[in-house]
Visitor: 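Take this structure, written in structure tokens, and hold onto it; I'll ask about it next.
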Amino acid sequence: MEFFFAKPTPAKIAEHIYHQVIAAHETGGRSYRYKIPDSMSISFVNDVIDRLCYYLHDVDIIDLFNGYIIIDWS
């Protein structure tokens with residue numbers, strides 16, 4: 001129950017996005033978009049993107065665009 005109400009950290013967000021990217025890739029997807037909540041600061045988002053770069057070595061694009069983190073592996 002504590003995990004559900006825990007304050008999100010960049011590591012937890014990056015791990016969540018990583019699992020979603022794996023699921024999208026396994027089902028034939030070519031990209032994944034994560035909507036950034038308005039409450040996240042730009043430094044928090046940059047930390048998440050840095051951690052995603054560590055997790056996802058073989059993707060073509062990890063970028064921030066229009067309030068979304070875009071991950072593309074086409």
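Note that the structure is predicted; figures quoted are calculated from it, not measured.
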Visitor: Should Tyr54 and Tyr32 be regarded as members of a common hydrophobic cluster, given that ILVMFWY residues are connected when their side-chain heavy atoms come within less than 4.5 Å of each other, either directly or indirectly?
Guide: yes
Visitor: Taking side chain to side chain contact (heavy atoms under 4.5 Å, CB included) as the criterion, tell me which of His19, His25, Glu26 meets it with Ile22.
Guide: Glu26
Visitor: Of the non-hydrogen atoms in Lys12 and Lys7, which two are nearest, and what is the gap between them?
Guide: NZ-O, 4.2 Å
Visitor: Of the non-hydrogen atoms in His57 and Cys53, which two are nearest, and what is the gap between them?
Guide: ND1-O, 4.1 Å
Visitor: Within the distance-only criterion (no hydrogens, no angle test), does the side chain of Trp73 pair as donor or acceptor with the backbone N or O of Ile61 below 3.5 angstrom?
Guide: no
Visitor: Rounded at 0.5 Å granularity, tell me how far CD1 in Ile36 sits from CZ in Phe65.
Guide: 12.0 Å
Visitor: Taking all non-hydrogen atoms of both residues, which atom of Asp72 and which atom of Ser31 are closest, and how far apart?
Guide: OD1-CB, 3.8 Å
Visitor: How far does NZ of Lys35 sit from CE of Met40, to the nearest 0.5 angstrom?
Guide: 11.0 Å
Visitor: About how many Å separate CD1 of Ile70 and OH of Tyr34, when rounded to the nearest 0.5 Å?
Guide: 13.0 Å
Visitor: Looking at Ile49, Asp47, Val48, which hits side chain to side chain contact (heavy atoms under 4.5 Å, CB included) with Val45?
Guide: Ile49
Visitor: Out of curiosity, Ile62 CD1 to Ile69 CD1, how far, rounded to the nearest 0.5 Å?
Guide: 9.0 Å
Visitor: In terms of relative ring orientation, are Tyr18 and Tyr55 parallel, tilted or perpendicular, with 30° and 60° separating the classes?
Guide: tilted
Visitor: Do Leu64 and Ile71 sit in one hydrophobic cluster, given that two such residues count as connected whenever their side-chain heavy atoms are within less than 4.5 Å of each other, even indirectly?
Guide: yes
Visitor: Counting distance only, does the side-chain N/O of Asn46 pair as donor-acceptor with the main-chain N or O of Ile42 below 3.5 Å?
Guide: yes
Visitor: Are Ile17 and Ile13 close enough that some pair of their side-chain heavy atoms sits under 4.5 Å apart?
Guide: yes
